[in-house]
Number of protein chains: 2
Amino acid sequence: MQKESLSNQAMREIIAMIAGGAYRVGERMPAERSLCEQLGISRGTLRKALEGLEKLGVVSIRPNSGIYVNSLSDAKITHKLLPPAFDNVRLEDVVLARKAIEIPACALACERIDDKQIKALEKLARLMQDAVEDDLAGFLKHDMLFHQAIVQASGNMVLVKAFEAIYEYHRFSSVFTSQQEGEEQIAADFHEKILSALKRRDSVACQKIMTGHLDYMQRYNKTAPGDY
Amino acid sequence: MQKESLSNQAMREIIAMIAGGAYRVGERMPAERSLCEQLGISRGTLRKALEGLEKLGVVSIRPNSGIYVNSLSDAKITHKLLPPAFDNVRLEDVVLARKAIEIPACALACERIDDKQIKALEKLARLMQDAVEDDLAGFLKHDMLFHQAIVQASGNMVLVKAFEAIYEYHRFSSVFTSQQEGEEQIAADFHEKILSALKRRDSVACQKIMTGHLDYMQRYNKTAPGDY
DNA sequence: AGAATTGGTACAGTGAGTGTACCAATTTTA
DNA sequence: TAAAATTGGTACACTCACTGTACCAATTCT
């Protein structure tokens, strides 16, 4: 029963952002004063986190210039900065767990979703589509929010909590496998199809498309969203 | 990004222990000096937690005597002391989520479990059986460990993490529904059947029995363990 | 040339948690 | 019955993480 230090949490948060693709290699991250506000911590605490990340080789700090992202694969990241037992996790493990939670969630959501929730999903799908081209961070954020909103629409808060635990691993997906060209648009198309099935209350189709969407991440099943 | 205070964590932990059945109403809990060692915190922090719990009516502290457990249902427990959105959770939600995770885990465990893990499961089943009669705390503890060990035997750490998130809700099962006479023995019998199927590597049977076991908690399906 | 922004540094203050010590009342032990 | 052990109650000094503020020097933007 010990609390993790805020600076350590911040280190993990920043690594997750980089791994999730919010900042690309060589890119300059927001200034310290922006970052600490964004993370909700003081500048001193953020600097401590950055100091640690620089030692690990995750970022390079250039005075009077900014914070620059290095390649995560070259960095020596301590295990305590990754999700528990991350070194034993493969992409297929994450996909399997997500299917276990999200497919039943789809079925329930088809029965229970209300107009307000559908409106919210439409907005999330639109924001994600807008971010496909040039805003990877925004894309990933709204991708996550879309899936979470579906699980929430299931009305089962336990599923929501389980989904959050699983997504903690998915955030590091770039460590498993690199993003491919055009993948974002395909994901956005899948979301459109899922949303459409939800609106029709077509539980069978919804589960099927969600399965295809998640399998696609794993590159086992290359069924395109247009096939549904 | 704010840390929860240790004393607050301790409050939630103690409530979980009581809700989980570790201590019964009217019973005397361990002395402060034992409890704080058990929870891994200092006595001052524990006393702060107990002070809060007494104000909520969860416990009564009698000087020179001890800490006594009151009825949880009479206590006014703040929501921040329960799992997130706990008031919107029903027992069937927990069971559904557990089935989503544990049934696939059973299937994988049948393929991957090794002799050492089987030995560990046998020990857990035995310890749980020994606790059926007179050690509710031990019973619940080994119940949880048995299920966790199966999920771990699946070799999928993401499932393990999801299971832990879900079990956080199950710990409060006494808030959903009261324990019934003889229920412990039935659960122990189910565990025996599950273990037997695992040893035979009988994936279909294992999933089926696990389904029956979890459904039984919900009192929807009253199929007895002997029926498998 | 001046303003704004960058990381680097220092310092006082807060608050939670720890560890230790001791007290008074009660119960257990010898 | 007297001594020892155990109970919760209290106090105090200490550490540590974090906050908030302020200012610096170098660079870049206007």
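Small disclaimer: the values here were computed from a predicted structure and weren't measured. Below, chains carry the letters A, B, ... as their sequence lines are ordered, and counting in each starts from 1.
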Query raised in the report: Hey, is the main chain of Val158(B) close enough, under 3.5 Å, to the side chain of Asp93(A) for a donor-acceptor pair?
Result: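 No, Asp93(A) side chain to Val158(B) backbone: no donor-acceptor pair under 3.5 Å.
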Quiz item: Is there a donor-acceptor pair closer than 3.5 Å between any side-chain N or O of Arg28(A) and the backbone N or O of Ser65(A)?
Solution: yes
Quiz prompt | Closest non-hydrogen atom pair between Ala49(B) and Ala10(B), with its separation | solution =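 For Ala49(B) and Ala10(B), the tightest heavy-atom pair comes out as CB-CB, 3.8 Å.
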Closest heavy-atom pair, Tyr68(A) versus Gly26(A), reported as atoms and distance to 0.1 Å, is CD2-O, 3.6 Å
Distances for protein N or O near nucleotides 19-22 of chain D N or O, under 3.5 Å:
unit_1  : atom_1 : unit_2   : atom_2 : d
dT19(D) : OP2    : Ser42(A) : N      : 2.8
dT19(D) : OP2    : Ser42(A) : OG     : 2.6
dT19(D) : OP2    : Thr45(A) : OG1    : 2.6

* Measuring from Leu121(A):CG to Gln152(A):CD, what's the distance to the nearest 0.5 Å? ->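 Those atoms lie 9.5 Å apart.
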Note: contacts of residues 52-68 of chain A with DNA chain D (heavy atom, under 4.0 Å) are Asn64(A)
Length of the [atom1]-[atom2] vector between [X] and [N], whole Å:
X	N	atom1	atom2	result
Glu4(B)	dG15(C)	CD	P	19 Å
Met11(B)	dA16(C)	CE	P	14 Å
Leu50(B)	dT10(D)	CG	P	13 Å
Leu35(A)	dT5(C)	CG	C1'	15 Å
Arg28(A)	dT5(C)	CZ	P	12 Å
Arg47(B)	dA11(D)	CZ	P	11 Å

query: Taking it one step at a time, do Glu92(A) and Lys99(A) satisfy salt bridge (charged side-chain N to carboxylate O under 4.0 Å, His left out)?
result: CA-CA 10 Å; Glu92(A) 69 177 275; Lys99(A) 282 163 77 176; over 6 Å; no
Checklist entry - Taking the six-membered ring for Trp, is the centroid-to-centroid distance between His213(A) and Tyr216(A) below 6.0 Å? => result no
Ranking Ser7(A) and Met29(B) by the position along DNA chain D of their nearest nucleotide, the one closer to 5' is Met29(B)
So, His191(A) versus His142(A): side-chain donor-acceptor pair below 3.5 Å or not? no
